[in-house]
Colleague: 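Below is one structure. I have some questions about it.
Excluded from the calculations below are hydrogen atoms, water molecules and symmetry mates; all remaining heavy atoms, backbone and side chain alike, are included. Proteins get letters first, then strands, A, B, ... in listed order; numbering begins at 1 in each.
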2 protein chains.
Amino acid sequence: MRLSEPVEWALHCTTVLALVPPDGAVPSSKLAEFHGVPAAYLAKSLQSLSRAGIVESVAGRSGGYRLAKAPADVTLLDVVEAVEGRESSFHCTEIRKRGPARVSPRLYSPVCAIAEAMYRADEAWRAELRNTTLADLLQRLATTIPTQAVAKGTAFLQEVLS
Amino acid sequence: MRLSEPVEWALHCTTVLALVPPDGAVPSSKLAEFHGVPAAYLAKSLQSLSRAGIVESVAGRSGGYRLAKAPADVTLLDVVEAVEGRESSFHCTEIRKRGPARVSPRLYSPVCAIAEAMYRADEAWRAELRNTTLADLLQRLATTIPTQAVAKGTAFLQEVLS
DNA sequence: GTATATCCGGATAACTAATATCCGGATATA
DNA sequence: TATATCCGGATATTAGTTATCCGGATATAC
C-alpha cells in the first residue's frame, strides 16, 4: 500500500501557497520549478485541488493558483483525498459469499467482519490526517527547514508575484 | 492508495485456519477452493505468512497449513504486514531539499514536517490494526455469517482434515 | 520402497495502475 | 492583439499487481 507521488507534491504545494497573499497567484510551472517536479504532471494534481475547492485558479496571463481558504481550515485529509480519492484503502470483494460454504447472499450481514476491521483502521488514518492543518505545518516549517532556505524560498516567491 | 487482494485473502485464510485443530493441516489448494480464489497465487501469500511465523507449514502428503500461534496472539497488523510489507504508506522523496530554495542537505532537520504528519497517520492505521486479533474476528463471525454457511464451512473443513 | 501430494522458491507472462507528456480550446492580462 | 495561463482529453511509457508454471525437497499413504 503506497500513496502516489502527487500526494506529496500537493502537500508541499499547498504549504507553499499558504505563504502567498490573497491577491497573488503562482503558476503551476513555477510551483513545479520550486519543488523540482515534472510540470505537466503536477498540473494535473493542481487541477484536482482546484476541483476540490482547496486552491483557487486564476486563468489568463499572470494567472496561477492561490489557496481558497485559510491555512487553518485546510486539513491534510482534504489535500490527500483531493488527489488520491476518497475510497477506502481496503476493498472488500465479499470472499465470504464465495466457495463451497456459501449460502444465499441476502442472508449475510451487510458488511463482512474483516472489512469492518479494515475500514476502522482506514478511518483511524483519516482521523489523524483530519487532525492536522496547513497552519500546523507552517508552524513546524521553521524547525524543519533552515532559515537560509526559507529566505531563498520567500525571495523566489517575491520574484514570481511581482 | 489501495491494499492488494492477497491481503484480503490472507485475512480470510488465517481466520479459517483459526478453526483448525493444532494437529490438523489444510493444503493451500483447499484454502483456495474454500475462498474461491486462484490457487497458484494464494500459495504465494501463504508462503509469506509462513515466513512471518504466523502460520506453520507441513510438507509432504497430507501436509498443508495451520496457525502457528493462538488466535488471540495474531493481530491483523501481523497478517497485513506479512503480506503487504512493513513500509510506510507515505514515501518521502525529500522535496524540501530540491529546487531553487535548497541549501546544503545537512542543514535540514532529520525528517520533513510533511513526512512527520504522514508517518503519524500511518502509525494510527497500524495501531488500529494492532488492536484487533483473529480471536476478535472469530467472535464476530457468528453475527456476520449465516449459521447455515458456518455449518457448511465446518463440514468442508472436516472433510479436508479427515 | 515407491508413488503421491504437498511446500518452496524462482522464472515468466498478462494485465492494470502510476507516471509523464502533449495538444487544442477557453480565459484574461500586459 | 499577442502572450501566458488554466483546463480537459488523448496518448505513451514505466512500474506494480495479478497470475501461472516448473523443478527440487519433503513427508505421508499404500
Side-chain angles (χ1 to χ4, degrees), chain A residues 1-10 13 17 20 23-33 35-66 68 82-85 87 89-91 93 95 160-162, chain B residues 1-10 13 17 20 23-33 35-66 68 82-85 87 89-91 93 95 160-162:
Chain A
M1 185 177 56
R2 205 170 130 249
L3 288 162
S4 65
E5 296 246 349
V7 169
E8 187 184 11
W9 305 348
C13 283
L17 288 178
V20 171
D23 59 329
V26 182
S28 69
S29 61
K30 289 298 177 183
L31 282 169
E33 185 190 349
H35 291 113
V37 300
Y41 192 26
L42 174 65
K44 298 297 182 188
S45 308
L46 292 168
Q47 287 171 25
S48 297
L49 291 172
S50 175
R51 273 191 296 269
I54 295 167
V55 303
E56 206 170 38
S57 69
V58 180
R61 187 163 174 166
S62 82
Y65 292 95
R66 67 168 70 104
V83 175
E84 193 76 8
E87 282 161 23
S89 53
F90 183 80
H91 180 228
T93 64
I95 282 183
V160 169
L161 292 170
S162 65
Chain B
M1 184 177 58
R2 204 171 130 247
L3 288 162
S4 64
E5 295 246 349
V7 168
E8 187 184 11
W9 305 348
C13 283
L17 288 179
V20 171
D23 59 329
V26 183
S28 69
S29 61
K30 289 298 177 184
L31 282 170
E33 185 190 347
H35 291 114
V37 300
Y41 191 25
L42 174 66
K44 299 296 183 188
S45 309
L46 292 168
Q47 287 170 25
S48 297
L49 291 172
S50 175
R51 272 191 298 269
I54 294 167
V55 302
E56 206 170 41
S57 69
V58 180
R61 186 163 175 168
S62 82
Y65 293 95
R66 66 169 70 105
V83 175
E84 192 77 8
E87 284 160 21
S89 53
F90 183 80
H91 180 229
T93 64
I95 283 182
V160 169
L161 292 170
S162 64

Colleague: When the distance from CG of B:Leu42 to C1' of C:dC7 is rounded to whole Å, what number comes out?
Modeller: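 Atom-to-atom, B:Leu42 to C:dC7, this comes out as 13 Å.
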
Colleague: Tell me which nucleotide among D:dT28, D:dT18, D:dC7 gets nearest to the side chain of B:Ser62.
Modeller: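 Looking only at heavy atoms from C-beta outward on B:Ser62, the closest nucleotide is D:dT28.
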
Colleague: Taking the side chain as every heavy atom from C-beta outward, state whether B:Arg51 and B:Gln47 have any atom pair closer than 4.5 Å.
Modeller: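 Touching, per the 4.5 Å side-chain cut-off.
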
Colleague: Identify which nucleotide among D:dA10, C:dT29, D:dT26 has an atom closest to any side-chain atom of A:Lys44, counting heavy atoms from C-beta outward.
Modeller: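 My answer, after comparing the listed nucleotides, is D:dA10.
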
Colleague: Would you kindly give the CD-to-P distance between B:Glu8 and D:dT18, to the nearest whole Å?
Modeller: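 Nearest whole value for this atom pair: 11 Å.
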
Colleague: Can you check whether B:Tyr65's main-chain N or O pairs, donor with acceptor, with B:Glu56's side chain at less than 3.5 Å?
Modeller: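 No; judged by distance alone, with no hydrogens or angles, the pair does not exist.
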
Colleague: Could you check how far CD of B:Glu84 sits from C1' of D:dT18, rounded to whole Å?
Modeller: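 For the pair B:Glu84 CD and D:dT18 C1', the rounded distance is 13 Å.
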
Colleague: Watson-Crick or G-U wobble partner for D:dA29, using a 3.5 Å limit on both distances?
Modeller: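 Checking every strand shown, D:dA29 finds its partner in C:dT2, with both distances under 3.5 Å.
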
Colleague: Establish, with yes or no, whether the OP1 or OP2 oxygen of C:dA17 is under 4.0 angstrom from a side-chain nitrogen or oxygen of A:Arg2.
Modeller: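 For A:Arg2, the contact criterion (side-chain N or O under 4.0 Å from OP1 or OP2 of C:dA17) is not met.
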
Colleague: Please report, rounded to the nearest Å, how far the C1' atom of D:dG16 is from the NE2 atom of B:His91.
Modeller: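 Going from B:His91 (NE2) to D:dG16 (C1'), I get 15 Å.
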
Colleague: Measure across A:Ala25 and A:Leu161 and return the closest heavy-atom pair with its distance rounded to 0.1 Å.
Modeller: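 A:Ala25 and A:Leu161 have their closest heavy atoms at N-CD2, 3.6 Å.
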
Colleague: Under 4.0 Å between any heavy atoms, over every strand shown, what does A:Ser29 touch: base, sugar-phosphate, or nothing? Just pick one.
Modeller: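 No contact.
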
Colleague: Within this structure, what is the CD-to-C1' distance between B:Gln47 and C:dG10, rounded to whole angstrom?
Modeller: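 Atom CD in B:Gln47 sits about 10 Å away from atom C1' in C:dG10.
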
Colleague: Quick check for you: among C:dT19, C:dC22, C:dC8, whose closest atom lies nearest to any side-chain atom of B:Ser50?
Modeller: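 Minimum distance to the B:Ser50 side chain belongs to C:dC8.
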
Colleague: What does C:dA13 pair with, Watson-Crick or G-U, if both distances are under 3.5 Å?
Modeller: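 Base-paired to D:dT18.
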
Colleague: Find the distance A:Tyr41:OH to C:dA17:P and express it as a whole number of Å.
Modeller: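 Taking OH of A:Tyr41 and P of C:dA17, I get 14 Å after rounding.
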
Colleague: Starting from C1' on C:dA18, measure out to CE on B:Met1 and report it in whole angstrom.
Modeller: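 These atoms are roughly 15 Å apart.
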
Colleague: Among D:dT5, C:dA18, C:dG9, which is the nearest nucleotide to the side chain of B:Arg51?
Modeller: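 Output: C:dG9.
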
Colleague: For A:Glu5 and B:Thr93, what are the C-alpha separation, side-chain angles and deciding distance, and is it a side-chain contact (heavy atoms from CB on, under 4.5 Å)?
Modeller: CA-CA 9 Å; A:Glu5 296 246 349; B:Thr93 64; 3.9 Å; yes

Colleague: With nearest nucleotide decided by heavy atoms, which residue, A:Pro38 or A:Val58, maps closer to the 5′ end of DNA chain C?
Modeller: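 It is A:Pro38, whose closest nucleotide lies nearer the 5' terminus.
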
Colleague: What is the distance from OH of B:Tyr65 to P of C:dT6, rounded to the nearest Å?
Modeller: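 Nearest whole value for this atom pair: 12 Å.
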
Colleague: Of the nucleotides D:dT28, C:dT29, C:dC7, which one has an atom closest to the side chain of A:Arg61?
Modeller: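 Taking heavy atoms from C-beta onward, the closest nucleotide is C:dT29.
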
Colleague: Check A:Leu49 against A:Val83 and note the closest heavy-atom contact, atom names and distance.
Modeller: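 Residues A:Leu49 and A:Val83, closest heavy atoms: CD2-CG2, 4.1 Å.
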
Colleague: Output yes when at least one side-chain N/O atom of A:Ser28 is less than 4.0 Å from OP1 or OP2 of D:dT5, else no.
Modeller: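 For A:Ser28, the contact criterion (side-chain N or O under 4.0 Å from OP1 or OP2 of D:dT5) is not met.
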
Colleague: For C:dT27, what is the paired nucleotide under Watson-Crick or G-U wobble rules, both distances under 3.5 Å?
Modeller: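 Its partner is D:dA4 (Watson-Crick or G-U wobble, both distances under 3.5 Å).
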
